[in-house]
Amino acid sequence: MNKVFISGMIMGNPELRMEQGENAHLVLNLSVRHKTKDGEIRKEIYRVSAWHNTAKWGAENLAGGQIVAVQGYLTQRSIRADGMTAVATEIAVEEFFPMNR
């Protein structure tokens, strides 16, 4: 099973792109804070992608600084830069849940 539930603050404004013609693709960074076992607050930033109608909904209803929960799955893609290849892990969103502070 590959299922992710995560919540955090949207960093910057979500970016809507049209991929391969008519495929809407929304990209945003989600800042998540949690405590370690030592009680230290740790901040992590995750790249989040949404596609098609979910992407269009997110572009119309989400903004930087907003707290949101997402439900989706983990996915990986290869990134090639400066002659090196790396693997990036992202969250592919199936559903957004805007939250009040």
Side-chain angles (χ1 to χ4, degrees):
M1 178 188 297
N2 182 359
K3 197 61 99 171
V4 174
F5 295 89
I6 195 164
S7 64
M9 180 184 291
I10 297 172
M11 304 299 296
N13 286 317
E15 179 184 345
L16 182 64
R17 306 172 183 168
M18 296 308 282
E19 303 281 348
Q20 300 171 351
E22 297 297 318
N23 292 325
H25 179 204
L26 185 71
V27 177
L28 60 92
N29 290 315
L30 193 64
S31 175
V32 176
R33 295 185 325 186
H34 64 90
K35 281 188 180 180
T36 66
K37 67 179 180 179
D38 298 327
E40 174 187 345
I41 300 291
R42 185 169 177 170
K43 181 177 169 182
E44 299 172 347
I45 297 177
Y46 295 94
R47 181 181 163 106
V48 174
S49 289
W51 295 90
H52 309 293
N53 289 336
T54 306
K56 291 176 187 175
W57 185 93
E60 293 172 3
N61 295 285
L62 301 175
Q66 185 175 3
I67 305 294
V68 67
V70 300
Q71 177 264 309
Y73 57 93
L74 292 178
T75 185
Q76 293 183 330
R77 63 184 175 89
S78 294
I79 299 173
R80 188 157 174 80
D82 298 328
M84 298 180 70
T85 301
V87 175
T89 301
E90 301 175 333
I91 299 169
V93 175
E94 295 175 315
E95 196 167 359
F96 287 109
F97 302 96
M99 303 173 71
N100 295 330
R101 287 188 174 210

Test log, rule side chain to side chain contact (heavy atoms under 4.5 Å, CB included), inputs Ile6 and Ile91
CA-CA 9 Å; Ile6 195 164; Ile91 299 169; 3.8 Å; yes
Would Val87 and Arg77 count as a side chain to side chain contact (heavy atoms under 4.5 Å, CB included) if you check the C-alpha gap in whole Å, the side-chain angles of each, and the deciding distance to 0.1 Å?
CA-CA 6 Å; Val87 175; Arg77 63 184 175 89; over 6 Å; no
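The shortest distance between side-chain heavy atoms of Glu94 and Lys3 falls below 4.5 Å. Put simply, the side chain of Leu62 reaches to within 4.5 Å of the side chain of Val68, judged on heavy atoms. The shortest distance between side-chain heavy atoms of Tyr46 and Asn29 does not fall below 4.5 Å. Between Met9 and Met99 the shortest side-chain heavy-atom distance does not fall below 4.5 Å. With contacts defined as side-chain heavy-atom distances shorter than 4.5 Å, the pair Thr89/Thr75 does not qualify. You'll find the side chain of His25 reaches within 4.5 Å of the side chain of Val27, heavy atoms only. Two residues are said to be in side-chain contact when any heavy atoms from C-beta on lie closer than 4.5 Å; Thr54 and Glu95 fail this criterion. Contact check for Leu26 versus Phe96: side-chain heavy atoms found under the 4.5 Å cut-off.
Applying the side chain to side chain donor-acceptor pair (under 3.5 Å) test to every pair with at least one member in residues 32-41, sequence neighbours left out, gives these pairs: His34-Glu44.
Remark: side-chain polar atoms of Glu60 are not paired, donor with acceptor, to backbone N or O of Trp57 under 3.5 angstrom. In this structure a side-chain-to-backbone donor-acceptor pair under 3.5 Å is missing from Asn2 to Tyr73.
The two atoms that bring Ala50 and Ala55 nearest to each other are O-CB, 3.3 Å, heavy atoms only. Nearest heavy atom pair, residue Leu16 against residue Ala24, reads CD1-CB, 4.1 Å. When all heavy atoms are compared, the tightest approach of Gly8 to Val32 is CA-CG2, 4.3 Å.
Atoms CD and OG, from Glu15 and Ser49 in turn, are 10.0 Å apart once rounded to the nearest 0.5 Å. With rounding to the nearest 0.5 angstrom, the OG atom of Ser31 is 11.0 Å from the CD1 atom of Ile10. Taking CG of Leu30 as the reference point, atom CE of Met11 lies at 9.5 Å (rounded to 0.5 Å).
Cluster membership check: Phe5 does not share its hydrophobic cluster with Leu74, using side-chain heavy-atom separations under 4.5 Å among Ile, Leu, Val, Met, Phe, Trp and Tyr.
Atom CE of Met84 has 12 or fewer neighbouring heavy atoms from other residues, nucleotides or ligands inside a 6.0 Å radius.
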